[in-house]
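First the proteins, then the strands, lettered A, B, ... as listed; each starts at 1. Only a predicted model underlies this, so the values are computations on that prediction, with no experimental measurement involved.
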2 protein chains.
Amino acid sequence: MKLANRIKELRESQGLLQRQLSAQLEIDTPMFSKIERGERRAKQEQVLKIAEILKVSPDELIALWLTDQILDVIANACSYEKWKEQALQALKMAETDIKNKKD
Amino acid sequence: MKLANRIKELRESQGLLQRQLSAQLEIDTPMFSKIERGERRAKQEQVLKIAEILKVSPDELIALWLTDQILDVIANACSYEKWKEQALQALKMAETDIKNKKD
DNA sequence: TTTGACTTGTCAAATTCTGTCCAATGTAAG
DNA sequence: CTTACATTGGACAGAATTTGACAAGTCAAA
């Protein structure tokens with residue numbers, strides 16, 4: 001699930017308008033529309049604010065937001081057909097690296 | 001292992017100078033020095049050329065290069081102490097996503 | 001046809017990326 | 001010490017990308 005889709009789902013299920021969210025985020029409606037369709041990336045601060053407004057855990061949205069970014073990096077870096085295996089390896093190495101960091 | 005370190009290791013073990021690699025990559029020595037220390041990121045094209053010159057599989061270097069980029073995204077996006085768990089979740093989700101893509 | 005929600009395209013300002021140059025530092029030999 | 005060469009550091013210009021704002025567009029319901 002993409003962050004964009006999750007935001008839309010939550011917003012609609014709560015009967016809120018883009019206009020209302022935009023106002024709270026202090027951006028204009030077109031910008032929010034783009035964020036909600038994944039055409040523009042939200043800033044971390046905005047993701048947190050959205051979680052608050054839509055009453056979900058920031059953890060959930062941050063994880064989705066990070067996933068989008070990771071997939072973007074991979075997609076931009078190289079084509080899947082050619083480097084799929086290396087992408088999977090890279091994800092594994094990144095995981096190991098992060099696990100080994102002390103908190 | 002960072003791409004930068006691997007490049008340095010390979011170059012030195014083969015007794016090559018930065019100057020020689022720079023020439024083949026058509027960039028100047030300071031630029032190569034920076035790539036080798038991880039201060040600047042190589043372009044994909046350069047990574048492939050380096051693999052060729054240093055006679056290693058492009059797959060190996062591309063995987064390291066992708067790992068660097070993934071870790072960068074995560075580091076820039078959020079601080080580890082706070083979002084380590086979400087980063088790990090994101091890596092898992094990205095992995096699933098990529099595995100499910102048809103070649 | 002009017003209204004309100006949402007989307008699309010464009011644009012300039014800001015930011016980031018890329019490579020070059022020059023100067024500094026390090027180092028080994030004579 | 002001096003020379004010669006490898007490497008690094010910092011400043012910088014131009015290119016490329018991102019950002020936010022705006023005007024105009026579509027669409028659906030009333």
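Counting only distance, with no hydrogens or angles, the side chain of A:Gln20 and the backbone of A:Leu17 share a donor-acceptor pair below 3.5 Å. Side-chain N or O atoms of A:Gln14 include one that pairs as donor or acceptor with a backbone N or O of A:Leu54 at under 3.5 Å. Side chain of A:Ser22 to backbone of A:Gln18: a donor-acceptor contact under 3.5 angstrom is found. In this structure, the side chain of B:Arg11 does not engage the main chain of B:Ile7 through any donor-acceptor pair within 3.5 Å.
The listed nucleotides are C:dC6, C:dT7, C:dG9; the one nearest the side chain of A:Leu17 is C:dC6. The side chain of A:Gln18 has C:dC6 as its nearest neighbour among D:dT7, C:dG19, C:dC6. Comparing D:dG10, C:dT7, D:dC22 against the side chain of A:Lys34 picks out D:dC22 as the nearest.
Distance CG (B:Asn76) to P (C:dT15): 16 Å, rounded to an integer number of Å. Atoms CD (A:Glu12) and P (D:dA28) sit 15 Å apart, rounded to a whole Å. In this structure, the CZ atom of A:Phe32 is 15 Å from the P atom of D:dA21, given to the nearest Å. Between B:Arg11 atom CZ and D:dA6 atom P there is a gap of 11 Å when expressed in whole angstrom units. If you measure from atom CD of B:Gln20 to atom C1' of D:dA6, you get 11 Å, rounded to the nearest angstrom. To the nearest angstrom, P of C:dC6 lies 14 Å from CG of A:Asp28. In this structure, the CD atom of B:Gln69 is 13 Å from the C1' atom of C:dC17, given to the nearest Å. Taking atom CE on A:Met31 and atom P on D:dC22, their separation rounds to 11 Å, with Å as the unit.
DNA chain D is contacted by both B:Glu39 and B:Arg19; B:Arg19 maps to the nucleotide lying nearer its 5′ end (nearest heavy atom per residue). A residue-by-residue look at A:Arg41 and B:Arg37 shows that B:Arg37 has its nearest nucleotide of DNA chain D further toward the 5' end.
Within 4.0 Å (heavy atoms only), B:Lys43 reaches sugar-phosphate atoms of the nucleic acid but no base atom. Using a 4.0 Å heavy-atom distance criterion, B:Arg40 is classed as a base contact. Backbone-only engagement by B:Gln46 is indicated by non-hydrogen atom pairs under 4.0 Å involving sugar-phosphate atoms exclusively.
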Chi angles and distances behind the salt bridge (Lys or Arg N to Asp or Glu O under 4.0 Å) call for B:Glu95, B:Lys99: CA-CA 6 Å; B:Glu95 186 184 329; B:Lys99 276 184 177 158; 2.8 Å; yes
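Between B:Ser33 and the phosphate of D:dT7, there is no side-chain N or O to OP1/OP2 separation shorter than 4.0 Å. The side chain of B:Thr29 contributes no N or O atom lying less than 4.0 Å from OP1 or OP2 of D:dT7.
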